[in-house]
Amino acid sequence: MGTAYDIIVNALSSSRRISISIHGMAPSTENDINTLLTNNPRVETKQIQLSQVSAEIMTCKPTNPNPFSKSKTSKKQPLLFIHGSFHSSWCWAEHFMPYFASLGFPCYALSLRGTGGTFAGEGVRKVRIEDHVHDLTDCIQYIQEYESDSINSTDLNSVKPVLIAHSFGGITIMKYLEKYLLPRLDSNTSSSVNLPISGVVSICSLPPSGNGKMTMRFLKRSLKDSWKVTAGLAMKICLTDGQLCRELFFDEDSAKVDGITNDDLTRIQERFEMDTIATIDLVDLAKQLPSIHTDKDGKAKFLEDNSTSSTSLPSLVLGAKDDFIVDREGVLELAKYYGVEAVMVSSPHDAMLGFRWRNAADKVKAFLDAEIRNHYNLTEL
């Protein structure tokens, strides 16, 4: 029989709703335990009307910036999570959204057009990357307006979300940045000064060249592994083959606490099927890749601060050592694009799910606490 705290931790874990409050900062009194239960952030799902579609978003708001902190008044920039292929907003609700909401960050996750929650249109089976960029743009504006109202501010620039993308969601953010920053290339000021976001995090995200170069590398390394990626993703066999699905996205011990059990895997495969109603138009995307807006070293020209020759937009590129889909070379290519050093963690491709989710989450937290705060000279993010 464990302590009261152990029982609470086990109860929260078994419900798949884990708050950062139960990691590394154990409550010391019965009142603190009650606070933990009261302040466990709740994920909510709703539909919002964007300019072209009705989109599903998930939200997770801080009940308190930190239930065990003496400071109760900090206001942190919101986080907007962008999923990759086969996923939608649900993939962030398991761990990341409650984790960061309990640290004081208002959290939003958008289901991109074509997924189960954001209908692309009757008979639509392919969605252009421009459509995803359009929906992302609308969602950022929605968050700015909503959060500005919550702090009684009429200045939308006082709210600048941090974008956090996984896998193919990273391409959406890259194309968003190209659309909004390219016109400022000739500016004498920092190219990101008027951008309505405050930073970018890419987790196991595709590089600027897309899948092409990685596919060739897979073919050279292992025909078997190359077939697994092609069959599992392009042919969607991962929707019905549980072992292949596990190998591609999770590749971990299902018996571990917070591991992906067989029941979890079945549930995830059902979501994958719902979220592949309309998939990204790869033929259309191939015309826009690799990105032509880079210098000879592969760095995005428009992300450079003209006054200092440094990167003007705080960025974190996070790769996973056990990623079956995005290889290390792809991670390094993306890091060059953003002008930063890549950070590698011990995780599978779906670094936000499974028992190793904290490995990626802690690196994101460190980035939010240090890089963004220092870049914008904030006393507290």
Side-chain angles (χ1 to χ4, degrees), residues 82-87 110 112-115 120 124-137 163-185 191 195 197 200-221 225-226 229-230 232-236 248 276 278-304 311 313 315-320 323-340 342 349:
I82 308 298
H83 63 84
S85 298
F86 288 82
H87 298 66
L110 169 67
L112 292 168
R113 195 182 312 195
T115 58
V124 175
R125 291 293 177 264
K126 295 294 179 181
V127 178
R128 298 175 306 161
I129 191 67
E130 289 90 346
D131 297 327
H132 282 179
V133 170
H134 192 100
D135 297 343
L136 173 60
T137 304
L163 304 185
I164 301 178
H166 175 250
S167 195
F168 229 104
I171 293 287
T172 301
I173 290 181
M174 278 190 282
K175 292 305 175 183
Y176 167 83
L177 292 174
E178 289 177 5
K179 178 178 179 180
Y180 284 92
L181 290 183
L182 277 173
R184 300 186 176 97
L185 261 180
S191 60
L195 198 67
I197 62 173
V200 171
V201 175
S202 302
I203 303 174
C204 301
S205 293
L206 267 65
S209 59
N211 284 322
K213 291 182 179 179
M214 287 197 299
T215 300
M216 296 306 298
R217 290 194 294 267
F218 287 146
L219 284 169
K220 291 179 180 179
R221 290 172 187 162
D225 289 349
S226 177
V229 172
T230 302
L233 303 180
M235 299 170 64
K236 299 185 182 180
L248 291 176
T276 52
T279 57
I280 196 74
D281 188 335
L282 294 179
V283 175
D284 171 73
L285 180 62
K287 299 174 184 178
Q288 304 178 52
L289 295 176
S291 175
I292 61 173
H293 307 296
T294 58
D295 61 21
K296 59 181 178 61
D297 297 319
K299 181 180 178 181
K301 302 173 185 178
F302 52 83
L303 289 178
E304 188 171 286
T311 299
L313 183 69
S315 305
L316 170 66
V317 173
L318 202 61
D323 195 331
F324 203 103
I325 297 173
V326 178
D327 61 8
R328 182 179 179 84
E329 291 89 337
V331 176
L332 295 178
E333 180 190 338
L334 182 60
K336 285 184 180 180
Y337 180 88
Y338 282 106
V340 298
H349 182 68

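Because the structure is predicted, anything quoted here is derived from the model rather than measured. For the numbers below, each heavy atom of this structure counts, side chains included, while hydrogens, waters and symmetry mates do not.
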To the nearest 0.5 Å, how far apart are [atom1] in [X] and [atom2] in [Y]?
| X | Y | atom1 | atom2 | answer |
| --- | --- | --- | --- | --- |
| Leu233 | Ile325 | CG | CD1 | 5.0 Å |
| Ile82 | His166 | CD1 | NE2 | 13.0 Å |
| Ser202 | Leu318 | OG | CG | 9.0 Å |
| Ile280 | Leu112 | CD1 | CG | 8.0 Å |
| Leu282 | Leu289 | CG | CG | 9.5 Å |
| Thr294 | Glu333 | OG1 | CD | 8.5 Å |

Any Met214 side-chain heavy atom under 4.5 Å of Asn211 side chain: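 The answer is yes; the side chains approach within 4.5 Å.
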Would a 4.5 Å heavy-atom cut-off, applied to side chains only, mark Asp225 and Phe218 as touching?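 No, every pair of side-chain atoms sits at 4.5 Å or beyond.
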What heavy-atom pair brings [X] and [Y] nearest, and what distance separates the two atoms?
| X | Y | result |
| --- | --- | --- |
| Val317 | Val331 | CG1-O, 3.7 Å |
| Glu130 | Asp284 | OE1-OD2, 3.4 Å |
| Arg113 | Val127 | O-CG2, 3.8 Å |
| His349 | Val326 | CE1-CG2, 3.8 Å |
| Ser205 | Leu334 | CB-CD2, 3.7 Å |
| Leu219 | Ser226 | CD2-OG, 3.3 Å |

Side chain to side chain contact (heavy atoms under 4.5 Å, CB included) assessment of Tyr338 paired with Leu177: CA-CA 11 Å; Tyr338 282 106; Leu177 292 174; 3.7 Å; yes
Give a yes or no answer on whether the side chain of [X] reaches the backbone of [Y] with a donor-acceptor pair at less than 3.5 Å.
| X | Y | result |
| --- | --- | --- |
| His87 | Ser85 | yes |
| Asp295 | Asp297 | yes |
| Asp131 | Arg128 | yes |
| Ser209 | Pro207 | no |

Is it true that atom NZ of Lys213 has more than 12 heavy atoms of other residues, nucleotides or ligands lying nearer than 6.0 Å?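 Result for NZ/Lys213: open.
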Expected list for residues 169-176: side-chain donor-acceptor pairs under 3.5 angstrom, two or more places apart:
residue, atom, partner, partner atom, Å
Lys175, NZ, Glu178, OE1, 3.1
Lys175, NZ, Gln288, O, 2.9

Salt bridge (charged side-chain N to carboxylate O under 4.0 Å, His left out) partners of Asp281, counting only residues at least two apart: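 Checked Asp281 against salt bridge (charged side-chain N to carboxylate O under 4.0 Å, His left out); zero matches.
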Answer yes or no: is there an ion pair linking Arg221 with Asp327, defined by an N-O contact shorter than 4.0 Å?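 Salt bridge between Arg221 and Asp327, a charged N being under 4.0 Å from a carboxylate O: yes.
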One pair to check against side chain to side chain contact (heavy atoms under 4.5 Å, CB included): Phe168 and Leu206. What are the steps and the verdict? CA-CA 6 Å; Phe168 229 104; Leu206 267 65; 3.6 Å; yes
Verdict with supporting geometry, Thr279 and Lys126, side chain to side chain donor-acceptor pair (under 3.5 Å): CA-CA 5 Å; Thr279 57; Lys126 295 294 179 181; 3.1 Å; yes
Taking the inter-plane angle between the rings of Phe302 and Tyr337 on a 0 to 90° scale, is it parallel (under 30°), tilted (30 to 60°) or perpendicular (over 60°)?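 Perpendicular: the ring planes of Phe302 and Tyr337 meet at over 60°.
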